[in-house]
Amino acid sequence: MDIFRAGGRFVMEFPRVGLSQEWKSNTPREVIAQEGLCVQIPCHYNHPSHLVNQPRDGVWFRHEEDGRSPIVFHSKDHNHELPQFRNRTWLSGDLKGGDCSLIINNIRQEDGGSYSFRIEFDNKNSYSFLPATRLNVSDFTDKPTILPAELIAGKRMDVSCTFNTTCNGTAPVLSWDTPTDIPESVSNIVTQQGVALIYTSVLTLILSVKHHGQTLTCRVRYPSVSSEQTLVLTVQYAPQNLTITSFDMITTSSISIIEGNSTVVICSVESFPASNLTWRHLNIVMNRTSSNNELWLVIPHVTSRDTGDYQCVSENEHGIVEGFITITVEGHSSMEWKVGLLGAGIALCVGLCGFFIFKCMRKSRSTGRGHSAHAEGVSSNSTSEQWNRSLTKNWKDLEMKSNPGVSSCTKDNTYANCDLVEDSVYGNI
């Protein structure tokens with residue numbers, strides 16, 4: 001028993017021996033083919049040795065349920081073939097060398113049935129090889145295969161798509177669907193491994209970071225069927241867009257912390273594969289990770305020793321990037337001094353406002369007192385005159401004693417000079 005692949009499937013081949021030991025063939029009991037592809041029914045025969053140099057014809061029949069056996073292939077005259085098989089059937093090998101394998105191209109559902117081979121030398125030397133081989137036609141399910149490749153941003157890469165078939169019928173057409181902005185070129189090749197034909201399409205392209213997560217599609221087409229395979233692009237690239245944020249998600253380059261409080265600073269980056277992230281302070285490693293492209297720096301109890309610059313370094317196999325943040329620590333005494341200075345400023349402002357209000361009120365009372373004294377002098381002349389004479393004399397004596405160089409008040413300017421003195425006295429308060 002032999003096993004072979006036909007139409008994308010493995011099938012079993014059983015030896016068949018005719019009535020004469022010199023007439024024999026090897027054909028499989030069953031072959032499975034996919035709709036739209038081509039299929040090969042393997043066949044090898046032997047004949048009596050005296051016919052080795054004789055001309056011969058090979059004929060393939062399909063056996064119908066109603067007992068008829070129309071010809072699907074005739075090596076001498078194709079006009080004998082059923083019209084629906086004409087130009088779709090041929091022998092894959094050399095009939096004279098004993099290879100009677102039949103190829104049926106562009107398989108259809110109605111092609112399913114039983115097939116047998118007959119070799120004809122002349123009217124006396126012909127032989128039909130039975131039982132027949134059953135051909136079953138299934139839906140087209142084969143898909144092309146996209147071979148894995150390492151995709152790196154900015155570098156020229158080759159991505160290969162392959163499709164295998166076991167017979168040399170209508171060649172499949174391989175094509176690509178790619179993002180429209182990718183520079184690309186395509187080359188196609190065909191190779192053979194045993195009975196399999198391998199069709200390969202090589203896509204050469206240059207990807208960028210923005211293509212990460214997009215798709216490439218390889219499609220295989222036959223005249224009546226098609227299928228496709230899609231690849232999600234995993235583009236590798238160096239770390240980029242490193243950001244440092246505080247716990248409240250504010251991106252910043254410096255923060256100020258009160259001594260004794262806690263703080264959290266988050267470093268995040270974009271890269272593929274994931275970067276190794278490291279926090280450093282004073283060239284000392286504070287924290288590190290190799291996953292998630294994010295690393296937290298937690299300082300639970302800030303002291304003055306935590307003041308300074310902190311460095312976040314992100315690195316993968318394609319590159320490195322770093323960022324910095326400055327942490328300033330403020331002590332409690334500094335805060336108390338600031339609060340005290342603010343209180344003193346407020347007290348000074350209140351005191352100055354009170355002083356100016358008091359001064360204005362005092363001057364207002366002084367002006368009122370002068371007007372009242374003058375009114376009383378007008379209403380009582382005799383008393384005022386007597387009082388004024390006495391005041392003038394006393395004032396003159398006081399002035400002469402205190403300052404002999406200053407002239408005394410005269411009768412006519414007594415009130416004027418005394419008002420000036422009073423104003424001067426009150427004004428200096």
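Remember, it's a predicted structure, so these values are computed and weren't measured experimentally.
Within the 3.5 Å criterion, the main-chain N or O of Ser275 finds a donor-acceptor partner in the side chain of Asn293. At distances below 3.5 Å, at least one donor-acceptor pair connects side-chain atoms of Trp60 with backbone N or O atoms of Cys100. Checking side-chain atoms of Arg56 against main-chain N and O of Gln54 turns up a donor-acceptor pair under 3.5 Å. No donor-acceptor pair under 3.5 Å is formed between the side chain of Ser226 and the backbone N or O of Tyr222. Looking only at distances, no side-chain donor or acceptor of Thr326 sits under 3.5 Å from a matching main-chain atom of Ser254. A donor-acceptor distance shorter than 3.5 angstrom exists from the side chain of Arg88 to the backbone of Gln84, with no hydrogens or angles considered. Glu317 places no side-chain N or O within 3.5 Å of a backbone atom of Gly319 that could act as its donor or acceptor partner. Using modelled atom types, no side-chain atom of Ser114 and backbone atom of Ala132 make a donor-acceptor pair closer than 3.5 Å. A donor-acceptor contact shorter than 3.5 Å is absent between the side chain of His80 and the backbone of Asp77. Of the possible polar contacts, none joining the Glu330 side chain to the Glu259 backbone as a donor-acceptor pair under 3.5 Å is found.
Around CD of Glu65, the count of heavy atoms belonging to other residues, nucleotides or ligands within 6.0 Å does not exceed 12. The environment of Asn87 atom CG is sparse: at most 12 non-hydrogen atoms of other residues, nucleotides or ligands sit within 6.0 angstrom. The number of heavy atoms from other shown groups lying within 6.0 Å of CZ (Arg86) is above 12.
Once rounded to the nearest 0.5 Å, the distance linking OG1 of Thr165 with CG of Leu37 reads 6.0 Å. Taking CZ from Arg108 and CD from Glu35, the interatomic distance works out to 10.0 Å, rounded to the nearest 0.5 Å. The distance from atom CE of Met157 to atom CD of Gln236, rounded to the nearest 0.5 Å, is 8.5 Å. One distance of note links CG of Asp309 with CZ of Arg280; it measures 14.5 Å at 0.5 Å rounding. Taken from NE2 in His301 to OG1 in Thr263, the straight-line distance is 13.5 Å, to the nearest 0.5 Å. The CG atom of Asp139 sits 6.0 Å away from the CD atom of Gln109 when rounded to the nearest 0.5 Å.
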Start with the C-alpha distance between His281 and Gln311, add both sets of side-chain angles, then the distance that settles side chain to side chain donor-acceptor pair (under 3.5 Å), and finish with yes or no.
CA-CA 6 Å; His281 175 52; Gln311 179 188 33; over 6 Å; no
Derivation of the side-chain contact (heavy atoms from CB on, under 4.5 Å) call for Ile182 and Ile206
CA-CA 6 Å; Ile182 295 181; Ile206 301 175; 5.9 Å; no
Test side-chain contact (heavy atoms from CB on, under 4.5 Å) on Val265 and Ile255 and set out the steps.
CA-CA 10 Å; Val265 184; Ile255 56 175; 3.9 Å; yes
side-chain contact (heavy atoms from CB on, under 4.5 Å) evaluation trace for Asn46 with Glu22
CA-CA 7 Å; Asn46 289 331; Glu22 295 186 5; over 6 Å; no
Start with the C-alpha gap between Arg219 and Trp176, add the side-chain angles, then the distance that decides, and say whether side-chain contact (heavy atoms from CB on, under 4.5 Å) holds.
CA-CA 6 Å; Arg219 183 173 290 106; Trp176 292 91; over 6 Å; no
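Put simply, the side chain of Leu295 reaches to within 4.5 Å of the side chain of Asn287, judged on heavy atoms. Side-chain contact check for Leu233 versus Leu216: some heavy-atom pair is nearer than 4.5 Å. Looking at Asp142 and Val220, their side chains never come closer than 4.5 Å, going by heavy atoms from C-beta outward. Residues Phe117 and Val59 form no side-chain contact, since every pair of their non-hydrogen atoms from C-beta on lies 4.5 Å or further apart. Cys312 places a side-chain heavy atom less than 4.5 Å from the side chain of Leu242. Asn168 has its side chain within reach of Leu197: a pair of non-hydrogen atoms, C-beta onward, lies under 4.5 Å apart. Residues Leu95 and Asp57 are not in side-chain contact: their nearest non-hydrogen atoms beyond the backbone lie 4.5 Å or more apart. Proximity of Glu184 to Leu203: side-chain heavy atoms (C-beta onward) are separated by under 4.5 Å at one or more points.
Counting only N and O atoms by type, the side chains of Glu81 and His78 include a donor and acceptor under 3.5 Å apart. Side chains of Arg221 and Ser175: a donor-acceptor N/O pair is present below 3.5 angstrom, by distance only. A donor-acceptor pair shorter than 3.5 Å cannot be found between the side chains of Thr230 and Thr215. For the residue pair Ser101 / Asp99, a side-chain donor-acceptor distance below 3.5 Å is found, with atom types taken as modelled. If you check the side chains of Thr166 and Gln40, you find no donor sitting under 3.5 Å from an acceptor. In this model, a donor atom of one side chain and an acceptor atom of the other lie less than 3.5 Å apart for Glu270 and Asn241. Donor-acceptor pairing under 3.5 Å is lacking for the side chains of Asn106 and Thr170.
Nearest heavy-atom pair across Gly213 and Val232 is O-CG1, 3.9 Å. Residues Ser116 and Phe129 approach most closely at CB-O, 3.7 Å, considering heavy atoms. Closest approach of Leu277 to Ser314, counting heavy atoms only: CD2-CB, 3.3 Å. In terms of heavy-atom proximity, Pro28 sits nearest to Thr133 at O-OG1, 2.5 Å. Across all their heavy atoms, Leu174 and Cys161 have their closest contact at CD1-O, 3.7 Å. Between Ser201 and Val186 the shortest heavy-atom distance is OG-CG1, 3.4 Å.
A centroid separation of less than 6.0 Å is found between the aromatic rings of Phe272 and His212. Ring-centre distance between His63 and Tyr115: not below the 6.0 Å cut-off.
The aromatic rings of His47 and Phe121 stand perpendicular to each other, their planes meeting at an angle above 60°, with 30° marking the opposite boundary.
Under a 4.0 Å N-O distance rule, the pair Asp66/Arg68 qualifies as a salt bridge.
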